[in-house]
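These notes concern the structure reproduced below.
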Amino acid sequence: MPLSLYNTMSRSLERFQPINDEEVGLYTCGPTVYNYAHIGNLRTFLFEDLLKRTLIHLGYKVKHVMNITDVGHLTGDGDEGEDKLEKMAQKTKKTVWDIADFYTNAFFSDYGQLGMLAPTITCKATDHIPQMIDLILRLEKGGHTYVSGGNVYFSIDSIPDYGKLARLDLESLRTAVRDDVDQDSNKKNSKDFVLWFTKSKFGEQSMMWDSPWGRGFPGWHIECSAMSMHYLGEQFDIHCGGIDAIPVHHTNEIAQSEAATGKTWVNYWVHGEFLLDETGKMSKSKGEFLTLELLKKKGYDPMDYRYFCLGGHYRSQLKFSFDSLTTAKTARKNVCDRIVALKREGAQVKALESEKALSYQAAFDEHIQNDLNTPRALADLWGVLKDDGLSIDEKYSLALLFDEVFGLGLATLQVPVIETIDDPTALDLLKKRTEAKLAKDWAEADSIRQQLDALGYLVKDTASGPSLEKKM
RNA sequence: GGUGCCAUACCCAAGUGGUAAGGGAAAGGUCUGCAAAACCUUGAUUCAUCGGUUCGAAUCCGAUUGGCACCUCCA
């Protein structure tokens, strides 16, 4: 089954062909753990989970590596900013290690609640300093570095194709110098970047390691190169991230990695678009800081957000609003209700046989393989659920098959046990209403309906007589 | 200044040259004393505008208008 993916490197749809048929190597840029993730951050991780699930659905084994950036992620591209972890540590009077631990845990809590499959390997930057130093030594040997002002820099002029991922125009970048960011006078080229710091403008760096260049800490970009190559080899299949990583972070990763090995590093670069709010780009500093916890507090299930994200294509900007999220919540509830109804009728997972069922499966596969077209695939799910030409076993089997990719947890939905109401007041009122109803005293019956409503019960007049239901 | 993206019904959103998916909301109906639930029905002769290519264009090309993101911590 051919999978087509949009490769940022070629800016075109390409047929996915793994280096090794047995196992696909997938690296996803992980979180910088200095604060909670907002739902825009989480959208990117959801898209990566979707890609991984699709690969698995197609029969690949996936080795998924994700880093945890717990050091050295600076606030300025020019390498002269503050360390976010240090900044947060000062603010909260905790150690940087405590901060990193705390937000790492918070991140994985969100990760699990959104139904994302755990990475094969999760690696912390601070556990891989030796690998980073080795890589820098390799670059040094190859003549790609220079030391200036105490820091080790990567020289972009030492390679022929710097900026190929982002298609950067180096000449215009050189001339368009931003005036609101201090230039690092130690750099030979303004796009050179730091591999190892021994001198930081930000004085009180507490995470420091010994190195051949002195005690210090790694630059931001080296960690992903070092760790991905450590676990996935010098060449691997897919590297993912948000689109913002293209011009700087991924560009610099490629420069380092390919300068070190002399080989093409990654075959497929796949990037997720941003989630926008009403004002445009979502950020942590402006407007409401939208976290998964906040969504839960407002009455949404994490899976509602997952469904919401599936409703748009990963390469399109998606506009977030609570109205849209409510739409997703309702739609997901309707899907779940239908699945529960099928379970109640005793639906079983069976091998698909009918021509109709097989054609639904083929349509779904075609859509999901077409660069992960989840909106279209979701329409296929709806088609299945509404098609009376399918048996309940077929509907159920198809839905669960599709959900290998959607990850909505349909297989584990519980058929709700009908709660027996043992509230004597309510039962007494119901009895009185039934009597009033028999006596055709509609005014009294409606009054009691209202009283029960106030108590939190809904009266349903079913074929088998009036019954009570606890309101959600 | 550079690099990309987008403009489709009330809202969200697919559509990758062959005659507009899906969801939500809404309206009408069946059922019901009422209500709830469920089910059925209805939805863009049209895809920002103007040209062009083509037997055929929402889809390709050009222009115009409007919007967005990235290049700055950010996914």
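Letters go in sequence order (proteins before strands), and every chain restarts at 1.
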note = The salt bridge (charged side-chain N to carboxylate O under 4.0 Å, His left out) partners of A:D441 (sequence neighbours excluded) come to none
query = What nucleotide among B:G24, B:A69, B:A14 has an atom nearest to a side-chain atom of A:R376?
reply = B:A14
ask   = Rounding to a whole Å, what distance do you find between A:F402:CZ and B:A21:P?
value = 19 Å
request  = Taking the six-membered ring for Trp and the full ring for Phe, Tyr or His, determine whether the centres of A:H221 and A:H250 are under 6.0 Å apart.
outcome  = no
query = Do the charged groups of A:D192 and A:K187 touch, with an N to O distance under 4.0 Å?
reply = no
Shortest side-chain distance from A:W382, nucleotide among B:A14, B:A25, B:G23 = B:G23
inquiry  = Given B:U16, B:C12, B:A69, identify the nucleotide with an atom nearest to the side chain of A:F274.
reply    = B:A69
request  = Using the C1' atom as the reference point in each nucleotide, state the distance between B:G1 and B:C10 in Å, no decimals.
outcome  = 40 Å
query = Which part of the nucleic acid, if any, lies within reach of A:R315 when heavy atoms closer than 4.0 Å are counted: base, sugar-phosphate only, or nothing?
reply = nothing
request  = Give one of base, sugar-phosphate or nothing for A:H313, where a contact means two heavy atoms less than 4.0 Å apart.
outcome  = sugar-phosphate
query = With sugar-phosphate meaning primed atoms plus P, OP1 and OP2, does A:G40 contact a base, only sugar-phosphate, or nothing at under 4.0 Å between heavy atoms?
reply = base
request  = Pick the C1' atom in B:A75 and in B:U16, then give their distance to the nearest Å.
outcome  = 26 Å
message = Students often get this wrong, so: under 4.0 angstrom with heavy atoms, is A:S321 touching a base, only sugar-phosphate, or nothing?
response = nothing
ask   = Taking the side chain of A:K191 as heavy atoms from C-beta outward, which of B:G23, B:A69, B:U72 is closest to it?
value = B:U72
ask   = Does A:S4 make a side-chain N or O approach to OP1 or OP2 of B:U16 shorter than 4.0 Å?
value = no
key: Distance-only donor-acceptor test, A:D371 side-chain atoms vs B:U16 base atoms, 3.5 Å   = no
key: Side-chain ion pair, A:D387 and A:K356, N-O less than 4.0 Å   = yes
message = Tell me which one of A:N252, A:T251, A:D157, A:N189 satisfies side-chain hydrogen bond (donor to acceptor under 3.5 Å, both in side chains) with A:Y162.
response = A:N252
Electrostatic pair A:R449-A:D453, nearest N-O below 4.0 angstrom = no
query = According to the salt bridge (Lys or Arg N to Asp or Glu O under 4.0 Å) rule, which pairs have a member within residues 29-50 of chain A, sequence neighbours left out?
reply = A:D49-A:R53, A:D49-A:R306
query = With a 3.5 Å cut-off and no angle check, do the side chains of A:Y103 and A:D70 form a donor-acceptor pair?
reply = no
request  = Report the distance from atom CZ of A:F45 to atom P of B:C74, rounded to the nearest whole Å.
outcome  = 12 Å
key: Ion pair A:K164/A:D161, N-O distance below 4.0 Å   = yes
ask   = Between B:A38 and B:G24, how far is it from one P atom to the other, in whole Å?
value = 11 Å
Of A:D446, A:D428, A:D461, the residue whose pairing with A:R433 passes side-chain hydrogen bond (donor to acceptor under 3.5 Å, both in side chains) = A:D461
task = Write down the distance separating the P atoms in B:A20 and B:A35, rounded off to the nearest Å.
result = 39 Å
ask   = A:P247 side chain: which of B:A13, B:G22, B:C71 is closest?
value = B:C71
task = For nucleotides B:A44 and B:A21, find the distance between their C1' atoms and express it as a whole number of Å.
result = 13 Å
key: Intra- and interstrand pairs of RNA chain B - dot-bracket, Watson-Crick/G-U under 3.5 Å, | marks other strand   = ((((((((.[[[..)..(...]]].(((((.......))))).....[[[[[..)....]]]]])))))))....
task = Name all residues meeting the ring pair (Phe, Tyr, Trp, His ring centres under 6.0 Å) criterion together with A:Y6; count only those two or more places apart in sequence or in a different chain, and write none if there are none.
result = none
query = Salt bridge or not for A:K296 and A:D304, using N-O below 4.0 Å?
reply = no
request  = Would you classify A:K440 as touching base, sugar-phosphate or nothing, given that sugar-phosphate means primed atoms plus P, OP1 and OP2, and contacts are heavy atoms under 4.0 Å?
outcome  = nothing
inquiry  = Measuring only the C1' atom in each nucleotide, how far is B:A48 from B:G67? A whole number of Å is fine.
reply    = 11 Å
ask   = Between atom CZ in A:F320 and atom C1' in B:A69, what is the gap in whole Å?
value = 19 Å
query = Nearest of B:U72, B:U16, B:G23 to any side-chain atom of A:N370?
reply = B:U16
Between B:U46 and B:C40 - P atom distance, rounded Å = 29 Å
query = Among B:A75, B:U16, B:A69, which is the nearest nucleotide to the side chain of A:L13?
reply = B:U16
query = If we take the P atom in both B:U41 and B:G52, what is their distance in whole Å?
reply = 42 Å
ask   = Does a salt bridge link A:E435 with A:K432, judged by any charged N lying under 4.0 Å from a carboxylate O?
value = no
ask   = Between A:N373 and B:G15, does any side-chain N or O lie under 4.0 Å from OP1 or OP2?
value = yes
query = What string of B, S and - do you get for nucleotides 29-42 of chain B, 5' to 3', when a contact is any protein heavy atom under 4.0 Å?
reply = ----BBBS--S---
Which protein N or O atoms sit under 3.5 Å from an N or O of nucleotides 60-62 of chain B?
none

ask   = Rounded to whole angstroms, how far apart are CG on A:L385 and P on B:G23?
value = 10 Å
message = Aromatic contact between A:F364 and A:Y360, with the criterion being ring centroids under 6.0 Å apart: yes or no?
response = no
